[in-house]
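Written below as C-alpha cells is the structure these notes are about.
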Number of protein chains: 2
Amino acid sequence: MHLEEVLAENELRVTRPRRLVWDILRSSNDHLTAQAIADAVHTQDASINVSSVYRALTLFSELGIARESKFGEDGSRWEPAHSDEMIHLVCEKCGTVDHHGGQVVTRLRDHLASDHGFVSSNVNVVVNGTCSNCSAQ
Amino acid sequence: MHLEEVLAENELRVTRPRRLVWDILRSSNDHLTAQAIADAVHTQDASINVSSVYRALTLFSELGIARESKFGEDGSRWEPAHSDEMIHLVCEKCGTVDHHGGQVVTRLRDHLASDHGFVSSNVNVVVNGTCSNCSAQ
DNA sequence: ATCCTTATTGCGAACCATGTGCAATAGTTG
DNA sequence: CAACTATTGCACATGGTTCGCAATAAGGAT
Ligand SMILES: [Mn+2]
Ligand SMILES: [Mn+2]
Ligand SMILES: [Zn+2]
Ligand SMILES: [Zn+2]
C-alpha cells in the first residue's frame, strides 16, 4: 500500500508529517499511541507538531489505511489497517498486544445478520489476559 | 444483589451517593454515561457531586457489581455487571445498545487457552452496525 | 442518644488525550 | 517560477475523568 497513491486518489497532498507518521506506522509492528508516534516522528524531525500527528492519524483512518483501537488504559492505539478477523490479545502482565486470526468474527457477523437482522459494519474483539510467555513466568 | 451487603462485606460505608448511583444503574436497562447517571442522580438530590458519581462507579467496578464499557464516542458506559458472553451490538443509526448471548466468547476463551496458552481474564466484543429496526427503515 | 473515629464527600483545580482557529508555510499544478 | 489553496505550527480550547484537602457524616462503642 503506497501512501502517495491513496493521497493522490483523494486529491490530498503528500506532506512531511503525513509521510513520517505513515512510515512509523508501517515500520512498527506494534499498536502505538499517538504520543509514541509523535515521539518517533520527532527523532526524524523535531519541528513537527503533535496536532499534525493527530490530523494525519485521523485522516489515515478515514482513508481506511490505518486502524484505531481502544484497549483498556490511556489513549487510542494505532497501526496499519487490518481485518476485524485479526482480534487483539492484550497481555495484562507484559503489555504486549498480539493478533489472532480465525473465523470467529466472520461467523458471528453471519449469525447476527441472518438470525437477528443486525448488519455489522465493524466488529471489535479485545481479549485481556495473560500471554503464554508470562504464564510460564 | 444487594448493595448494602457487598459494601458491608468490604467494610465500606453505605452512603447516599452510592445508593443513588446504584439505584439508577439497576433501574435503567441502558448503558449510561457517567454524565447521564449524574443527571439522573441530580433529580433525586442536586447536592451530589459528579466526582462522587465517578468514585461510586469506579468502586462498583472494582467490587465487580458494575461494568464499564467503552463504545465508540464520548465517555465510558455503565451498567450492572453481566457476563462477557453477553456481547454488545451498537446501532450506528439509532444509538441503541443491545445484548446478544451465545457460546462465542466461551469457545474463544477455550481455544485461546488450550491452543495458544493465552489465559483470558475478560473478553470484550463490540459489534457496530445497523439494528433490525433501522434496517427496516 | 451522644461521642469518636475515620471513610467519604463536595469543591475546585488539575489532568490527559485530542480537537480547533488562524495566520504562516509549503504542495501541486500549469 | 508563479499562483492557488491545502496543510501546518502554534497556542489555546475542550471533554471526560481524577485528585488534594478540609468539611461532613457513617457506623461502632459507650
Ligand atoms: Mn492490530
Ligand atoms: Mn451490557
Ligand atoms: Zn505477557
Ligand atoms: Zn437502530
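Residue numbers begin at 1 in each chain, while the letters A, B, ... track the order of the sequences. Note that this is a predicted model, so its numbers are computed, not measured. For the numbers below, each heavy atom of this structure counts, side chains included, while hydrogens, waters and symmetry mates do not.
- The nucleotide whose nearest atom lies closest to any side-chain atom of Y54(B) is, among dG16(D), dT9(C), dC10(D), dG16(D).
- Side-chain atoms of R107(B) and R107(A), non-hydrogen and from C-beta on, never get closer than 4.5 Å to each other.
- Between the side chains of S76(B) and E68(B), at least one donor-acceptor pair of N or O atoms lies under 3.5 Å.
- Picking from dT18(C), dC11(C), dG21(C) the nucleotide with the shortest atom distance to the side chain of S51(B) gives dC11(C).
- When distances run from any side-chain atom of N49(A) to the nucleotides dC10(D), dG10(C), dG16(D), the shortest one goes to dC10(D).
- Using cut-offs of 30° and 60° for the angle between ring planes, the H82(A) and H31(A) rings count as perpendicular.
- Residue-level contact check: S47(A) touches the backbone only, with heavy atoms under 4.0 Å from sugar-phosphate atoms and none from bases.
- A straight line from CG of L59(B) to C1' of dT17(D) spans 16 Å, rounded to a whole angstrom.
- Looking at E92(B) and V119(A), their side chains never come closer than 4.5 Å, going by heavy atoms from C-beta outward.
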Annotated protein contacts, base or backbone, on nucleotides 23-30 of chain C with a non-hydrogen cut-off under 4.0 Å, one of B, S, - each: ---BBS--
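- Between L3(B) atom CG and dA26(D) atom P there is a gap of 14 Å when expressed in whole angstrom units.
- The distance between atom CD of Q35(B) and atom P of dG15(D), rounded to the nearest whole Å, is 11 Å.
- Using cut-offs of 30° and 60° for the angle between ring planes, the H88(B) and H99(B) rings count as tilted.
- Two residues are said to be in side-chain contact when any heavy atoms from C-beta on lie closer than 4.5 Å; V125(A) and L108(A) fail this criterion.
- Applying the 4.0 Å criterion to OP1 and OP2 of dG10(C), one finds that S52(B) has a side-chain N or O inside that range.
- Following rounding to the nearest Å, L20(A) (CG) and dT7(D) (C1') show an atom-to-atom distance of 15 Å.
- Between L7(B) and L59(B), some side-chain heavy-atom pair lies under the 4.5 Å cut-off.
- With rounding to whole Å, R77(B) atom CZ is found 16 Å from dT17(D) atom C1'.
- The side chain of T58(B) approaches dT18(D) more closely than any other nucleotide in the set dT18(D), dT18(C), dA11(D).
- V126(B) and M86(B) are members of different hydrophobic clusters when ILVMFWY side chains are connected at heavy-atom separations under 4.5 Å.
- Distance, D74(A) CG to dC16(C) C1': 10 Å, rounded to whole Å.
- The closest side-chain donor-acceptor pair between N122(B) and N128(A) falls under 3.5 angstrom.
- For the helix from dA1(C)-dT30(D) to dA13(C)-dT18(D), the end axes, each set by the C1' atoms of five terminal pairs, are bent relative to each other by 30° (nearest 10°).
- In this structure, CD of E62(A) is placed 12 Å from P of dT7(D), rounded to the nearest angstrom.
- Across the protein-nucleic acid pair, F71(B) atom CZ and dG16(D) atom C1' stand 17 Å apart, rounded to whole Å.
- The nearest heavy atom of DNA chain D to R55(B) and to V50(A) marks one nucleotide each, and the one closer to the 5' end goes with V50(A).
- For the pair V105(A) and E85(A), the tightest heavy-atom approach, listed with the atom from each and the gap, is N-OE2, 2.9 Å.
- Contact annotation for S76(B): backbone-only contact, meaning every heavy-atom pair under 4.0 Å involves sugar-phosphate atoms and none involves a base.
- Among the nucleotides dT18(D), dT18(C), dT9(C), the one closest to the side chain of R18(B) is dT9(C).
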